[in-house]
Amino acid sequence: MDKELVIVIDFGGQYNQLVARRVRECSVYCEIYPYKTDLNKIKEMNPKGIILTGGPSSCYEEGAATCSPELFTLGIPVLGLCYGAQLMSFVLGGQVARAEVREYGRTEVDVDRTSRLFTDVTAHTVCWMSHFDYIAEMAPGFRSIASTKNCPVAAAEDEDRKLYAIQFHPEVLHTEEGSKMLYHFVRDICGCRGDWRMDSFAEENIRAIREKVGNGKVLCALSGGVDSSVAAVLLSRAVGQQLTCVFVDHGLLRKNEGDEVEAVFGAGGNYKLNFIRINARERFYEKLAGVTEPEKKRKIIGEEFIRVFEEEAKKIGAVDFLVQGTIYPDVVESGLGGESAVIKSHHNVGGLPDCVEFREIIEPLRNLFKDEVRKVGLELGIPERLVFRQPFPGPGLGVRIVGEVTAEKVKIVQDADAIYREEIAAAGLDKSLSQYFAALTNMRSVGVMGDERTYDYAVALRAVNTVDFMTADAAEIPWEVLKKITGRIINEVRHVNRVMYDITSKPPGTIEFE
Ligand code: XMP
């Protein structure tokens, strides 16, 4: 049976990865391609459906992102969203113009339920709009199937040619029945069977990896983060002791984290693999002594990491395969997939491939989104606390200590952070925050404890909510919880006499402190 594929053509909109995720939620495999992708390549892929995404341009302006009219003549159903909807209308002979009223946010929409896209959608529903242009005149053959107060063509279709245009964003959760609309497109209109399942992923991949690796030797840099952990376990299930995992403990992990990683992957754990933990904290602290500039600290940590890994790899000798925990957003963000290319400025294991002798890279998670990686992790029996670990920067606490990093400061921030995490979990807030941590400011100030004057550090607490980590809002943690955390940190962590809560959003702040 052929594998069903729906492709998302990326015009640079901000929700593009979301579109692909929603399609996968319909049990249909989906990949993202830039709008400049050659039409012949698209034909070769023979997708069951094509979705054109939103984007920042105006389709009638010179140089705007566009597509070939031939895309609409392949007999493959096409769904245009926002910019994609306008572009489809424009390319096929309709008119797109600047709207008098710009629509943004939750908007009431009336839909025509005789359209297959809207079968069983409530006739009057809520959608998410974000546009300044609108379809002023539909292309020949189309009829309007949805409207809002200010937008006569909020959706249009040409059922004969299986072309659909939606001005709003069904992929965004604020479009209350958006998932139904996408489901109708991929399952009813494109006719996808919907047999793509996450649970077959692990099984199929283990088999494929085993075949590929044969008797080869495999090396993996394990950080304890979700991606490298899941990649390592997949490999260990496939090739067992042919896999060696090297875990560089740079002494900048959260409290007890090094031991936790060792407990899971080391000799006492459940996996049959060769696990090597390198305790390199002294080396890292020495290199960081006296360094205060954030980017320099990052660079030192990154380079030292590679050096330590390289030394270990030399002892192991040449290997056949190097495992990397690359996931789909990394692929898209580094410009290999979609159009909305933002090259990641912080990459965890960027230099590894150059320092190890190997034949081929294995990236078993290359096509998965983060939540899918987590599902695979759970299926493989990786402990929940590891699978749902929040993002943690590669340079670790090195970028959560403002100014020079010292062993003493690392201990302070580890202890404060551990209390913070404990109390957030106790208050039942841990699942509702995207990322939260304690950082050590470089500020010392006067306080009084007992009858003594103190001159100690200020710890900063940060908690943010974000969808994509590009922008973020400070979370509103209940005052009582903050007071309790503050009390505990001051009482239990030596050399801290003030605790501050950071309410800066990103922008203008960043999530981390450096
Ligand atoms: P910022 O601080 O840029 O963080 O708002 C956005 C997200 O990226 C993480 N981050 C890093 N991750 N190496 C990493 O692997 C780094 O140097 C680094 N700096 C920030 C941060 O934790 C947040 O999730």
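Start at 1 and go down the list; that is how both ligands and their atoms are numbered.
Heavy-atom contacts of P391 reach the following atoms of ligand 1: 24 (O) (cutoff under 4.0 Å). Annotation for ligand 1: atoms under 4.0 Å from non-hydrogen atoms of R298 are 16 (C), 17 (O), 18 (C), 19 (N), 20 (C). Taking every heavy atom of F469 and a limit of under 4.0 angstrom, the matching atoms of ligand 1 come to 6 (C), 24 (O). Interface atoms of ligand 1 facing K506, defined by a heavy-atom separation under 4.0 Å, are 1 (P), 3 (O), 5 (O), 6 (C). Atoms of ligand 1 lying under 4.0 Å from at least one heavy atom of T510, given by number and element, are 1 (P), 2 (O), 5 (O).
In summary, of the residues considered (L182, I50, V28), a side chain to side chain contact (heavy atoms under 4.5 Å, CB included) with V6 occurs for V28 alone.
At a threshold of 4.5 Å between non-hydrogen side-chain atoms, the residues I362 and Q324 do not count as touching. Side-chain contact between L365 and T326 is absent, with no heavy-atom pair separated by less than 4.5 Å.
Counting heavy atoms under 4.0 Å from ligand 1, residue P393 touches it through both backbone and side chain.
Residue E514 has no N or O atom closer than 3.5 Å to an N or O atom of ligand 1. Annotation: P395 places no N or O atom under 3.5 Å from an N or O atom of ligand 1; distance criterion only. Where the criterion is an N or O separation shorter than 3.5 Å, residue side chain and backbone included, V399 fails it with respect to ligand 1.
Between the side chains of Q435 and E512, at least one donor N or O lies within less than 3.5 Å of an accepting N or O. A donor-acceptor pair shorter than 3.5 Å cannot be found between the side chains of N256 and R254.
Aromatic ring centroids of Y420 and Y436 lie under 6.0 Å apart. Ring centroid separation for the pair F284 and H250 comes in under the 6.0 Å cut-off.
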